[in-house]
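Just so it is clear, the structure is predicted and the values come from calculations on it, not from any experiment. What you see below is based on every heavy atom in this structure, not just the backbone, and it leaves out hydrogens, waters and symmetry mates. Proteins come first, then strands; the chains are lettered A, B, ... in the order of their sequence lines, and each starts at number 1.
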Amino acid sequence: MTPFSLVAPASVDEAVAALRSDAAAGILAGGTDLLLDLDEGRTRAERLVSLRRLPWRTLDWTGEALAIGSTLPLRELEDDPDVRRRLPGLWQAVRAVGSVALRHRATIGGNLGRAAPASDLIPVLLTLDAEIELVGPAGTRTLPVDRFVLASRRTALGPAELIRSVRIPAARASAYRWQRVRPANDISQLAVAVARVAADGGWRVAVGGIPPRATLLPDVAEALGRGRPTDAALRAAADRASRDVALVADRRASEEYRRRLVGTLLRRAVADGLGGGGPA
Amino acid sequence: MTAAPATLRVNGATVALTPVPDDERLLDTLRWRLGLLGTKEGCRTGDCGACTVLVDGRSTLACLTLTHEIPGTEVLTIEAAGVDPDLERARAAFARASALQCGYCTPGFVLALTGMLKERGRDAPADELLDALQGNLCRCTGYAAIARAVAALRAEAP
Ligand SMILES: Cc1cc2nc3c(=O)[nH]c(=O)nc-3n(C[C@H](O)[C@H](O)[C@H](O)COP(=O)(O)OP(=O)(O)OC[C@H]3O[C@@H](n4cnc5c(N)ncnc54)[C@H](O)[C@@H]3O)c2cc1C
Ligand code: FES
Ligand code: FES
């Protein structure tokens, strides 16, 4: 690791200005990814701009829609009773990140900013039609998650731009299921997120835990139909998922194992999304 | 790189630190600047929990926290056992259940447990207390004795 200096601007304007003045500066939120990336030489920066003084540790409900400030520690998101009640899929995904101690510092902005293929939050945010609000030299703009996360560790973030918040519209149902060797501090071999957004009542399905990035599976969602899927529809959707998803073998799991997992996790997530409960 | 003074409260005492490099981790500040060697370094990558301390009452991985990112906070380490009542309860529960052998992982486990007692209260349910320890690894005692320590702590909850 090369040594770096740290600045902690007191306002958004100052933060953007600090990033403009040094194109190679890094953005520091909780640091749970960035400090490791610096240690291991995956990222180089001689200067870090810390977001800790910005007023973004927020959680705002407007009716059933939620806006999450990018620097809110994940533990605070998980502790909001309305998140658990109204967005159970998000709650389950947040609980899957690292450990309690990690979540006291890790943020949603950092999770999106890193855009890891293994992210537990991106699949759920995809199914919930979440939008990312960005702020930068040219003002603010909003992008759907699907257009923000481009590839493994690549996002649409422009120069000197920051993630300000994540907006999630009302959802009728949501669930997240993962499989991994160690429950905490491990990377999922595969994960499936499902949701029914209030806008059209249709299902959304996304798969995560496999490179290059989490992806929505519109054909699988289509196969589920509207509302409560019949057993036949559920089987068709699970088959479709294990056929369609581009699975890879790596040291975490074989392709064959993942292929079986897709359908299993999909069935569990849908059952849970319908209020059937089941193991977390 | 720059360095500036930093002020923290550590185990109840205010410590004014002479210039601390911007990239210094809380783990190194505690161990090498303050000589508080009870906080351990296992992996330095967030995976083992050996470096767990409390920052304003919340369990925190000292290896992934920059000292300058937590100015003015209250840091609690294993050296405050006997002083902080929650920490003392957690420590005593580990000792009574013989939940340690080499002891390297123990300060991290005890602080993670203490953090949950502060977060959820002294009568926190057993599943929350165990959840607090998911990020901690022990290579020699095994987890059964550690789970017994948690169960005993739960049984004596007020
Ligand atoms: C032991 C361990 C276990 C983990 N387990 C999981 C897991 O199970 N699931 C999972 O999904 N992740 C996991 N992670 C990864 C990580 O903790 C999460 O991705 C976390 O949410 C990152 O947030 P942060 O605030 O710490 O990010 P930081 O490290 O501060 O930042 C990460 C990246 O995002 C950029 N960034 C941060 N905030 C912003 C912003 N507001 N605007 C623009 N760019 C920004 C940074 O420049 C950096 O490139 C784990 C990490 C560790 C060390
Ligand atoms: S040394 Fe910090 S988690 Fe292992
Ligand atoms: S007691 Fe030796 S590692 Fe846990």
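Along residues 64-76 of chain B, the residues that come nearer than 4.5 angstrom to chain A, judged on non-hydrogen atoms, are Leu64(B), Thr65(B), Leu66(B), His68(B), Glu69(B), Ile70(B), Pro71(B) in order of number.
Of the two parts of Glu24(B), neither the backbone nor the side chain holds a non-hydrogen atom closer than 4.5 Å to a non-hydrogen atom of chain A.
Here Leu6(A) contributes atom CG and Thr2(B) contributes atom OG1; the two are 7.5 Å apart, rounded to the nearest 0.5 Å. Rounding to the nearest 0.5 angstrom, the gap separating the CG atom in Leu48(A) from the CG atom in Asp22(B) is 8.5 Å.
By number of non-hydrogen pairs under 4.5 angstrom with chain A, the leading residue of Cys63(B), Ser59(B), Ala132(B) is Ser59(B). Listed options Arg105(A), Arg103(A), Arg95(A) were ranked by heavy-atom pairs under 4.5 angstrom with chain B; first place goes to Arg105(A).
The side-chain heavy atoms of Glu40(A) and Thr45(B), taken from C-beta on, include a pair separated by under 4.5 Å.
For Arg120(B) and Asp79(A), the salt-bridge test passes: some basic side-chain N is under 4.0 Å from an acidic carboxylate O. In this structure, Asp39(A) pairs ionically with Arg25(B), as a charged nitrogen and a carboxylate oxygen lie closer than 4.0 Å.
Across all non-hydrogen atoms, the minimal contact from Gly46(B) to Asn185(A) is O-ND2, 3.1 Å. Listed here is the closest heavy atom pair of Ser99(A) and Gly135(B): CB-CA, 3.6 Å.
A distance-only check finds no donor-acceptor pair linking the side chain of Asp131(B) to the backbone of Val100(A) [under 3.5 Å].
Annotation: Arg182(A), atom CZ; neighbour count of heavy atoms from other residues, nucleotides and ligands within 6.0 Å is above 12. Surrounding CZ of Arg42(A) are more than 12 heavy atoms belonging to other residues, nucleotides or ligands, all under 6.0 Å away.
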